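Accompanying notes for the structure given below.
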Amino acid sequence: MPLLVDCSGCNTPLQLPPGARTIRCPLCQAFTRIADSRALPPPPYSSSSSSSNHNPPPPSTSPYIDAPPVPPPSVHGRKRAVICAVSYKRSRHELKGCINDAKCMKYLLVNKFSFPESSILMLTEEEADPYRHPTKQNMRMALFWLVQGCQAGDSLVFHYSGHGSQQRNYTGDEVDGFDETLCPSDFETQGMIVDDEINATIVKPLPTGARLHAIVDACHSGTVLDLPYLCRMDRNGKYVWEDHRPRSGVWKGTNGGEVISFSGCDDDQTSADTSALSKITSTGAMTYAFIQAIERGHGDTYGNMLNAMRSTIRNTDNDVGGGIVTSLISMLLKGGSLGGLRQEPQLTANQPFDVYKKPFSL
């Protein structure tokens, strides 16, 4: 397992490349020298405070899961967010609307929900700093930063706009037999980020009183956080909570906190990257519908949010009156495991709740 060292600036565990003597933190930009005592790997947890055991912790799904908690940088505040947009520029996978999604989501969080700009970490290919590009390593670091040191009263947001995919699951933990994945900018060489790792990194550690909302605008994203419950809602707004807890008994919930995820579509569907009829801009259909639901006053409860988002996407083809909804192109999608499918945003959570009574807030 690669050596983890603590950043000398913000204490975030960093994965040290073999043979390196210094490393730069992608979050606070500080340089850490290996000779710096603050960079030495801390001892693992022990039942005895006098233990001299300094063996590294055992490997886990993510290289950051076993890192001990440390106080977050002061800029975190009570609200923090990771916004990740992957455009796959100059590749056959290129998407047009992801950068716009990221900018719109940041504007919404700052101006509607009072997130401090200093507590929002943006990962896009437009960033000048390569440590802020949405590579697999940088995305992993950002997810760890999001929950590091969080406590009761904190509100966290993870927004992702980019490609999603699936791969065969061999452990029996998935109802449909597939793991859902996110595709970093370098996924073709470094691999994808699997839902098991996402769950272990930002769901399981969440403490009592802390809240995390994920907004994932990607294909096959219905259960991409591996949360135990999915809200199966029909077109009339009636719903039931499906139990997606693994048959193996593996825990996919939190450490007492609350996690709710909006995703662009079901696990067997694809999500659209759309061009506005004006030819001025492109967006992810789900991100557009999410923001519009809030701006049009439907963001009072989770049930009304989900219904409004689905209505925006479902009615796009029929709305030709010149309203802003016409900026979305047809949602009749190609592909998907069952043929042509319309994407339907999904809602998952770590615990079931009444979606029409629980107020929505970030």
Side-chain angles (χ1 to χ4, degrees), residues 85 95-105 108 159-165 180 182 213-225 230-239 242 260-349 355-356 360 362:
L95 296 173
K96 303 295 184 182
C98 297
I99 298 296
N100 289 331
D101 289 346
K103 292 177 178 177
C104 290
M105 185 59 63
L108 179 77
H159 174 258
Y160 172 86
S161 180
H163 283 304
S165 188
E180 284 63 52
L182 300 182
H213 285 87
I215 302 100
V216 183
D217 197 345
C219 297
H220 310 293
S221 55
T223 61
V224 75
L225 262 66
L230 182 144
C231 179
R232 185 65 69 189
M233 181 178 288
D234 65 21
R235 292 197 172 193
N236 296 317
K238 296 179 180 179
Y239 72 94
E242 289 183 355
I260 298 173
S261 175
F262 287 96
S263 52
C265 61
D266 210 345
D267 285 344
D268 61 357
Q269 294 180 332
T270 54
S271 292
D273 184 53
T274 71
S275 299
L277 298 182
S278 64
K279 307 300 182 183
I280 295 175
T281 188
S282 297
T283 66
M286 181 269 192
T287 299
Y288 180 96
F290 178 86
I291 294 174
Q292 181 177 266
I294 294 171
E295 291 182 340
R296 291 192 169 186
H298 301 298
D300 53 346
T301 68
Y302 289 89
N304 289 340
M305 276 287 296
L306 187 60
N307 274 316
M309 292 166 62
R310 290 181 166 191
S311 178
T312 294
I313 294 175
R314 186 166 57 241
N315 296 334
T316 297
D317 296 339
N318 300 325
D319 189 340
V320 293
I324 61 174
V325 176
T326 58
S327 64
L328 295 179
I329 63 172
S330 170
M331 292 294 102
L332 187 60
L333 304 172
K334 299 178 181 179
S337 60
L338 299 178
L341 294 173
R342 285 181 178 274
Q343 72 180 89
E344 291 188 323
Q346 302 294 322
L347 179 71
T348 57
V355 300
Y356 292 113
F360 167 78
L362 297 178

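What you are looking at is a predicted structure, and each value in this text was computed from that prediction instead of being measured.
- The closest side-chain heavy-atom distance from Arg314 to Thr312 is not below 4.5 Å.
- Nearest approach of Ala218 to His163, heavy atoms of both residues: CB-C, 4.1 Å.
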* Can Phe290 and Leu108 be said to form a side chain to side chain contact (heavy atoms under 4.5 Å, CB included), step by step? -> CA-CA 10 Å; Phe290 178 86; Leu108 179 77; 4.0 Å; yes

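- Every residue two or more places apart in sequence or in another chain that forms a side-chain hydrogen bond (donor to acceptor under 3.5 Å, both in side chains) with His159 is listed here: Thr287.
- Side-chain contact annotation: Ser263 with Gln346, donor-acceptor N/O pair under 3.5 Å absent.
- Checking side-chain atoms of Tyr239 against main-chain N and O of Gly303 turns up no donor-acceptor pair under 3.5 Å.
- For the pair Cys231/Val355, a side-chain contact is recorded, criterion being any heavy-atom separation below 4.5 Å from C-beta on.
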Is there a side chain to side chain donor-acceptor pair (under 3.5 Å) between Asp101 and Ser161 once you walk through the steps? CA-CA 7 Å; Asp101 289 346; Ser161 180; 2.6 Å; yes

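- Side-chain contact between Val224 and Leu182 is present, with at least one heavy-atom pair separated by less than 4.5 Å.
- Aromatic ring orientation, Phe262 versus Tyr302: parallel (interplanar angle below 30°, classes split at 30° and 60°).
- Side-chain contact between Met305 and Ile294 is present, with at least one heavy-atom pair separated by less than 4.5 Å.
- Considering only heavy atoms from C-beta on, Met286 comes within 4.5 Å of Met309 through its side chain.
- At a threshold of 4.5 Å between non-hydrogen side-chain atoms, the residues Asn307 and Met233 count as touching.
- The side-chain hydrogen bond (donor to acceptor under 3.5 Å, both in side chains) test applied to Asn304 returns Asp300, Thr301, not counting sequence neighbours.
- For the pair Pro345 and Ile313, the tightest heavy-atom approach, listed with the atom from each and the gap, is CG-CD1, 3.8 Å.
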Exercise for review: Could you go through the side chain to side chain contact (heavy atoms under 4.5 Å, CB included) check for Leu347 and Ile260 one step at a time?
Suggested key: CA-CA 7 Å; Leu347 179 71; Ile260 298 173; 3.5 Å; yes

